[in-house]
Amino acid sequence: QVQLVESGGGLVRPGGSLRLSCAASGFMFNTYVMGWGRQAPGKEFEWLSIISTGGTIPRYADSVKGRFTIARDNAKNALYLQMSSLTPDDTAVYYCLKTTSAAIWWPAKDEHLDARGQGTQVTVSS
């Protein structure tokens with residue numbers, strides 16, 4: 001079955017950086033658009049970024065554009081999110097997302113979500 005395991009979360013100071021990783025298994029990783037999302041307490045789930053199957057076409061939410069970079073390594077079945085210039089507003093649980101197809105849909109919607117991992121907590125605080 002589909003498994004998505006995130007890692008790399010933690011506590012970071014404002015202005016700092018973190019790199020999240022997602023190890024994927026149970027499906028043909030290189031045939032699906034993958035993404036990252038987050039959910040902060042009391043807030044709705046937010047799609048942050050998606051990346052095409054070949055890793056050449058990224059899309060970003062305005063809230064993270066220019067600060068976050070998504071990447072994938074199809075040889076390793078791995079997805080990454082490099083986060084920089086973090087602010088307290090970035091505090092949330094971050095999720096690795098598997099979409100339903102190889103098609104790029106942006107803005108993404110819940111109907112495009114096929115599976116997500118258990119999440120990793122990112123806390124930005126001084």
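Computation of the quantities below employed the complete heavy-atom set of this structure, encompassing side-chain atoms and omitting hydrogens, waters and symmetry-equivalent molecules.
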S.K.: Would you compute the distance between atom CG of L4 and atom OG of S25 and round it to the nearest 0.5 angstrom?
M.R.: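 One gets 7.5 Å once the value is rounded to the nearest 0.5 Å.
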S.K.: Under the 3.5 angstrom rule, does the side chain of S49 hit a backbone N or O of R59 as a donor-acceptor pair?
M.R.: yes
S.K.: What are the two closest heavy atoms between Q82 and S17, and how far apart are they?
M.R.: NE2-CB, 4.0 Å
S.K.: Side chain of N74, backbone of T53: donor and acceptor closer than 3.5 Å?
M.R.: yes
S.K.: Would you say that more than 12 heavy atoms from the other residues, nucleotides or ligands in this model lie under 6.0 Å from the CH2 of W106, or not?
M.R.: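 Check passes, neighbour count above 12.
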S.K.: Establish, yes or no, whether the cationic atom of K98 lies under 6.0 Å from the six-membered ring centre of Y32 and within 45° of the ring axis.
M.R.: yes
S.K.: Kindly determine whether T91 and T123 satisfy side-chain contact (heavy atoms from CB on, under 4.5 Å), including the steps that lead there.
M.R.: CA-CA 5 Å; T91 296; T123 302; 4.3 Å; yes
S.K.: With rounding to the nearest 0.5 angstrom, report the CG to CH2 distance, D110 to W47.
M.R.: 7.5 Å
S.K.: Is the shortest side-chain heavy-atom distance between R38 and V64 below 4.5 Å?
M.R.: yes
S.K.: Side chains of S125 and L11: does their closest heavy-atom pair fall under 4.5 Å?
M.R.: yes
S.K.: W36 vs E6, test: side-chain contact (heavy atoms from CB on, under 4.5 Å). Steps then yes/no.
M.R.: CA-CA 10 Å; W36 289 94; E6 303 95 337; 3.9 Å; yes
S.K.: Shortest non-hydrogen contact from A78 to F29?
M.R.: O-CZ, 3.5 Å
S.K.: Determine, stepwise, if the pair W105 / T99 fulfils side-chain contact (heavy atoms from CB on, under 4.5 Å).
M.R.: CA-CA 9 Å; W105 292 93; T99 72; over 6 Å; no
S.K.: Give the minimum heavy-atom separation between I70 and G35, together with the two atoms involved.
M.R.: CD1-CA, 4.1 Å
S.K.: Give the minimum heavy-atom separation between Q118 and V5, together with the two atoms involved.
M.R.: OE1-CA, 3.8 Å
S.K.: Rounded to the nearest 0.5 Å, how far apart are CZ of F27 and CE of M34?
M.R.: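 Rounded to the nearest 0.5 Å, the CZ-CE separation comes out at 4.0 Å.
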S.K.: Check for a donor-acceptor pair, side chain of R72 on one end and backbone N or O of V33 on the other, with a separation under 3.5 Å.
M.R.: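 Between the backbone of V33 and the side chain of R72 there is no qualifying donor-acceptor contact (under 3.5 Å).
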S.K.: Is L79 close to I51 at the side-chain level, that is, under 4.5 Å between some pair of heavy atoms?
M.R.: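 Yes, side chains in contact.
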S.K.: Going through the checks in order, is the side-chain contact (heavy atoms from CB on, under 4.5 Å) test met by Y95 and Q39?
M.R.: CA-CA 8 Å; Y95 297 93; Q39 187 156 26; 4.3 Å; yes
S.K.: Do you know the tightest heavy-atom contact between L81 and Y94?
M.R.: CD2-CD2, 4.3 Å
S.K.: Can you confirm whether V124 sits close enough to P14 that some side-chain heavy atom of one is under 4.5 Å from a side-chain heavy atom of the other?
M.R.: yes
S.K.: Taking all non-hydrogen atoms of both residues, which atom of G37 and which atom of L97 are closest, and how far apart?
M.R.: N-CD1, 3.5 Å
S.K.: Just how far is it from atom OH of Y80 to atom CG of L20, taken to the nearest 0.5 Å?
M.R.: 12.0 Å
S.K.: Please check if the side chain of S85 supplies one atom and the backbone of R67 the other of a donor-acceptor pair under 3.5 Å.
M.R.: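 No; zero donor-acceptor contacts below 3.5 Å.
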S.K.: Enter the distance from S84:OG to R19:CZ here, rounded to the nearest 0.5 Å.
M.R.: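 Here the interatomic distance stands at 13.0 Å.
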S.K.: Roughly how far, to the nearest 0.5 Å, is OG of S101 from CG of D114?
M.R.: 9.5 Å
